[in-house]
2 protein chains.
Amino acid sequence: MTGPAGYDPHAFPPFAVTVDLAVLTLREGRLHVLLVRRGEAPYQGDWALPGGFVRPDESAGAAARRELAEETGLSEATAAGLHLEQLATYSDPGRDPRMRVVSVAYTALGPGLPEPRGGGDAAHAQWLPYGTQGPLAFDHDAILTDARQRVGAKLEYTCLATAFCPPLFTLGELRGVYEAVWGVELDRPNFRRKVLSTPGFVQAVDGPPRLTGGRGKPAALYRAGGATALHPPLLRP
Amino acid sequence: MTGPAGYDPHAFPPFAVTVDLAVLTLREGRLHVLLVRRGEAPYQGDWALPGGFVRPDESAGAAARRELAEETGLSEATAAGLHLEQLATYSDPGRDPRMRVVSVAYTALGPGLPEPRGGGDAAHAQWLPYGTQGPLAFDHDAILTDARQRVGAKLEYTCLATAFCPPLFTLGELRGVYEAVWGVELDRPNFRRKVLSTPGFVQAVDGPPRLTGGRGKPAALYRAGGATALHPPLLRP
DNA sequence: ACAAAAGTGTTGTTGCTACACCCATGC
DNA sequence: GCATGGGTGTAGCAACAACACTTTTGT
């Protein structure tokens with residue numbers, strides 16, 4: 001690892017390091033993204049992913065967690081409950097016209113989340129159904145596309161779907177996650193058998209509690225199991 | 001995206017951005033890693049992943065490609081043929097004791113590669129069988145572990161295995177990739193059927209050419225097909 | 001002749017798909 | 001009653017694991 005001039009901090013052009021967040025959730029059965037409206041140039045007035053600068057004393061993961069609370073207008077408890085995962089790093093020179101910015105993108109997943117209320121910087125944060133957003137600022141369209149693709153793929157071979165569900169959920173809600181992200185309909189009986197036959201995917205809540213999703217027979221409740229991988233995977237049709 | 005002081009380049013502590021490379025190959029049926037011996041403090045004399053600084057005018061991917069040629073001691077043609085893929089970004093404060101360094105890690109895969117010859121900085125680059133390397137400098141052990149895990153997982157549901165093979169290869173060589181990375185033995189007949197029944201995974205070379213891997217019946221040759229995903233996947237036993 | 005690796009065949013089991021069908025609830 | 005969603009059953013098909021067997025080379 002050879003570096004310029006013995007690491008003199010000011011001897012080479014600085015990089016700014018930021019995090020960008022692709023916050024995804026399900027609202028009324030549809031996949032939604034959390035976007036903020038930019039208040040300054042460039043891309044003033046455009047939608048963008050929430051994000052911000054990594055501070056000198058924190059990791060990118062810590063910065064993502066912090067921005068999740070500060071920038072999204074979600075309550076601290078809500079933000080803390082989200083599933084956070086590194087996506088990729090975007091580093092094209094010129095992706096920000098002002099200076100050299102390298103951005104570490106994260107995906108954050110959560111259950112049906114409330115409308116954000118302007119706590120911090122971004123009182124203009126808002127849920128938009130995925131696909132209805134116009135072109136985003138910077139390279140955020142590419143980031144968002146990558147996030148959706150990655151999440152879709154991970155649904156196949158991990159238990160990630162439970163990250164979209166509240167602590168207690170029905171199998172119908174879990175199936176709704178797959179259907180919303182993949183954009184297909186799944187056979188209910190087969191989905192049920194598949195999930196229940198995978199050890200550690202979900203865990204039945206023994207209590208008599210049940211619940212309704214409108215009308216129809218009340219459904220049994222489950223919580224996420226300990227497993228993280230799905231063997232064998234649940235393949236897209 | 002709120003930033004410090006209107007982007008004055010020197011108003012905030014600078015981050016250095018580097019790339020680190022986990023270069024993997026197969027030599028004599030075993031997975032090997034390319035490591036360089038550090039000539040300077042810290043970790044002087046220890047093994048480390050090759051890598052280097054991202055320049056002001058290039059993307060991290062371009063820097064990875066460049067360092068692959070400069071730092072590994074592999075010929076330009078060899079380095080250019082490697083399959084390069086972003087792995088993850090490592091950003092813990094303190095991962096480099098000298099200053100704040102954020103590193104974008106890449107995996108590079110290639111067919112049985114020659115011993116590196118000191119072209120550039122690192123005349124001390126060398127192949128080591130995976131697992132025999134001592135503790136590496138910085139957080140490179142974690143990077144290397146992540147790389148192996150990611151590659152192992154991608155073998156299941158992508159055509160990545162062909163990246164470890166030369167342009168023309170036998171099904172035995174392809175099976176060797178899976179066995180080396182996964183550390184298991186696969187049933188030869190079943191592996192063959194599985195690969196041939198996946199459209200676009202491999203493509204038979206019609207010519208009469210055949211080849212031997214020591215002794216035994218000569219094997220037919222294949223080249224990588226156009227497909228990138230494996231449906232259905234080839235699951236680990 | 002023997003060992004080693006390629007290639008083909010076969011068989012039993014598993015897993016999945018596509019349904020049909022009953023149950024419990026709201027209107 | 002009817003519509004809606006939860007839950008069970010089942011028959012047919014496709015995929016896979018395990019293993020036996022033949023072929024073609026080097027020694």
Side-chain angles (χ1 to χ4, degrees), chain A residues 26 28-29 112 155-157 165-166 168-180 182 184-199 201-223 229-237, chain B residues 26 28-29 155-157 165 168-180 182 184-199 201-223 229-237:
Chain A
L26 250 62
E28 289 111 41
L155 287 189
E156 291 193 298
Y157 54 95
C165 295
L168 294 184
F169 54 87
T170 70
L171 296 185
E173 289 167 343
L174 189 65
R175 186 166 44 86
V177 173
Y178 282 88
E179 294 181 334
W182 286 351
V184 298
E185 290 223 331
L186 298 180
D187 184 81
R188 193 179 341 108
N190 293 336
F191 178 83
R192 173 189 187 78
R193 268 187 292 264
K194 175 65 187 164
V195 169
L196 293 181
S197 71
T198 302
F201 192 176
V202 299
Q203 183 182 344
V205 172
D206 53 321
R210 25 183 61 201
L211 180 129
T212 171
R215 64 184 170 290
K217 179 174 173 179
L221 292 177
Y222 296 84
R223 78 173 91 252
L230 242 50
H231 269 287
L234 208 163
L235 297 177
R236 237 178 288 221
Chain B
L26 250 62
E28 289 111 42
L155 287 189
E156 291 194 297
Y157 54 93
C165 296
L168 294 184
F169 54 87
T170 70
L171 294 186
E173 289 167 343
L174 189 65
R175 186 167 44 86
V177 173
Y178 282 88
E179 294 182 332
W182 286 351
V184 298
E185 291 224 330
L186 299 180
D187 183 80
R188 192 176 343 106
N190 292 336
F191 178 83
R192 173 189 188 78
R193 269 186 291 264
K194 175 68 187 164
V195 169
L196 293 181
S197 71
T198 302
F201 191 176
V202 298
Q203 183 182 346
V205 172
D206 53 320
R210 24 183 60 200
L211 181 127
T212 171
R215 62 183 170 293
K217 179 174 173 178
L221 292 177
Y222 297 84
R223 78 174 90 251
L230 241 52
H231 269 286
L234 207 163
L235 297 176
R236 237 179 288 222

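Chain letters run A, B, ... following the sequence lines, proteins first and then strands; every chain starts at 1.
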Base, sugar-phosphate or nothing for B/P237? Non-hydrogen atoms, less than 4.0 Å.
nothing
Which atom of [X] lies closest to which atom of [Y], heavy atoms considered:
X      : Y      : answer
A/R236 : A/E156 : N-OE2, 2.9 Å
B/P233 : A/P233 : CG-CG, 4.0 Å
A/L234 : A/F191 : CD1-CE1, 4.0 Å
A/N190 : A/R193 : OD1-NH2, 2.9 Å
B/L230 : B/L155 : CD2-O, 4.1 Å

Heavy-atom donor-acceptor pair, B/R188 side-chain to C/dA5 base, under 3.5 Å:
no
What about B/R193, does its side chain sit under 3.5 Å from the base of C/dG9 through a donor-acceptor pair?
yes
Does any N or O in the side chain of A/Y222 come within less than 3.5 Å of the main-chain N or O of A/L171, such that one atom is a donor and the other an acceptor?
no
At less than 4.0 Å, is any side-chain N or O atom of [X] found next to OP1 or OP2 of [N]? Yes or no.
X      : N      : answer
A/K194 : C/dC16 : yes
B/R215 : D/dT27 : no
B/R192 : C/dA6  : no

Quickly work out the [X] [atom1] to [N] [atom2] distance and round it to whole Å.
X      : N      : atom1 : atom2 : answer
B/N190 : C/dT8  : CG    : P     : 14 Å
B/L234 : D/dC16 : CG    : P     : 8 Å
A/E185 : D/dT4  : CD    : P     : 13 Å
B/F191 : C/dA6  : CZ    : C1'   : 14 Å
B/D187 : C/dG9  : CG    : P     : 16 Å
B/H231 : D/dC16 : NE2   : P     : 13 Å
B/L196 : C/dG9  : CG    : P     : 13 Å
B/K217 : C/dA5  : NZ    : C1'   : 10 Å

Over its full length, what angle do the end axes of the helix from C/dA1-D/dT27 to C/dC27-D/dG1 make, each axis taken from five pairs and the result rounded to 10 degrees?
0°
More 5' along DNA chain D: B/L235 or A/R175, using each one's nearest nucleotide?
A/R175
Choose from D/dT8, D/dA18, C/dG7 the nucleotide whose nearest atom is closest to any side-chain atom of A/P189.
D/dT8
Among C/dC16, D/dG6, D/dC19, find the nucleotide with the atom closest to the side chain of A/A219.
D/dG6
B/L26 vs B/C165 side-chain heavy atoms within contact, under 4.5 Å:
no
